[in-house]
> 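Here's a structure for you.
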Amino acid sequence: MGEHQERAERALRLAEEVGAEALLVLSAPNRRYLTGFSGSAGVVLLTPRRRWLLTDSRYLEQAEREAPDYEVRALARQVFRQVADLLREEGASQAAFEADKWSVSQWRRATAEAPEVRWIESEGLVERLRVVKSESELAVMAQAAHIADEALAQVALILRPGLRERDVAVHLECKMRQLGAEGLAFPTIVASGPRGSLPHGQASERVLEAGELVTIDFGATFGGYHSDQTVTWALAGDRPERARLREVYEVVRAAQAAGLAAVRPGVRASEVDRAARSVIEAAGYGEAFGHSTGHGVGLEVHEAPWAAKAPATDWELQPNMVVTVEPGIYLPGLGGVRLEDTVVVTPDGFRRLTWADKGWREW
Ligand code: ZN
Ligand code: ZN
């Protein structure tokens with residue numbers, strides 16, 4: 001059985017657990033996970049006997065090629081009517097749908113176009129399968145992370161005062177593309193000097209100055225999968241806030257090491273957060289660390305498991321889950337530090353996907 005066929009069967013079994021005899025999937029990452037189809041539009045319908053991928057004319061040929069385990073059909077204008085007719089062919093009168101993904105207007109259309117279908121709410125059903133990666137997914141993710149690491153090494157060669165944050169981002173992005181990235185995992189964050197206190201400070205026109213820290217948070221996409229890593233690098237030179245930021249750096253570094261050390265099977269994702277956060281709190285910077293410690297990565301850059309204080313679902317880590325560990329300290333007016341690695345849970349701990357040295361580095 002092919003990998004995608006197996007995923008479809010497992011998804012359908014989860015749908016059966018919520019009382020459904022079929023499953024309708026509209027979300028893009030779930031569609032790609034189930035089918036292998038990489039196009040931007042399409043609908044997946046799973047029943048016990050058949051698997052359909054409906055897509056528009058731009059993608060029919062590509063869908064046939066990428067999703068050989070599926071019956072590919074042209075998407076009708078009234079897609080929910082089309083789905084209802086396919087369900088009737090299979091003798092089904094109801095189907096699970098992604099209640100956490102649909103918009104209000106999609107719900108209105110579904111109930112108007114297919115009034116006879118009973119829509120059964122499900123949440124995070126395919127996502128539950130996605131949280132534990134297969135070896136083939138991990139191989140693709142390692143490649144995405146490798147591209148990003150190599151590109152960062154190129155940035156290390158040019159980093160100096162006088163560059164704009166944008167110059168750093170463009171260089172990094174260009175190198176990632178040259179090295180085979182399909183695109184960016186997310187808009188590149190380059191936050192220098194006082195902008196370092198913005199956890200998501202996208203690269204601006206600001207010019208880097210001697211003695212400042214620069215936080216770079218970036219990632220590549222490859223094979224549909226994302227990478228995610230953050231470094232904070234120092235430019236040589238003296239500034240009044242330098243000693244304080246150096247101290248903060250070592251606190252974040254210790255917190256990141258503690259978070260990573262907590263990663264192993266059987267540990268709750270919230271315990272990873274606790275391990276990192278307690279180091280920052282003990283150093284008196286608890287208030288300056290507002291976000292959660294980490295997140296899963298895969299077909300989405302942010303997905304389960306959530307290494308947060310009190311996540312809605314507190315996943316127990318299992319081998320082949322992927323998680324980031326990225327504590328930070330942000331001091332408005334002064335700057336900030338964040339260090340992030342993405343790791344795979346292994347039977348006895350973790351292994352890295354991202355490899356840039358997280359020790360203090362000065363240019
Ligand atoms: Zn990141
Ligand atoms: Zn991240």
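One-based numbering, in listed order, for ligands and for the atoms of each.
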> Are F186 and H226 an aromatic pair, judged by ring center distance below 6.0 Å?
no
> Report the angle formed at the Zn ion (ligand 2) by atom OE2 of E326 and atom NE2 of H295, rounding to the nearest 10°.
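Nearest ten degrees: 80°.
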> Tell me which N, O or S atom from D228 is the closest to the Zn ion (ligand 1).
OD1
> In E340, the N, O or S atom nearest to the Zn ion (ligand 1) is which?
OE1
> Determine which of the N, O or S atoms in D217 is closest to the Zn ion (ligand 1) and give its atom name.
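Atom name of the closest N, O or S in D217: OD1.
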> Is it true that R49 and E71 have a side-chain N and a carboxylate O under 4.0 angstrom from each other?
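No, this pair does not count.
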> Hey, does the Lys NZ or Arg CZ of R253 hover above the aromatic six-ring of W360, less than 6.0 Å from the centre and inside 45° of the axis?
no
> Assess whether side-chain contact (heavy atoms from CB on, under 4.5 Å) is satisfied between T35 and V44, documenting all intermediate values.
CA-CA 8 Å; T35 66; V44 174; 3.6 Å; yes
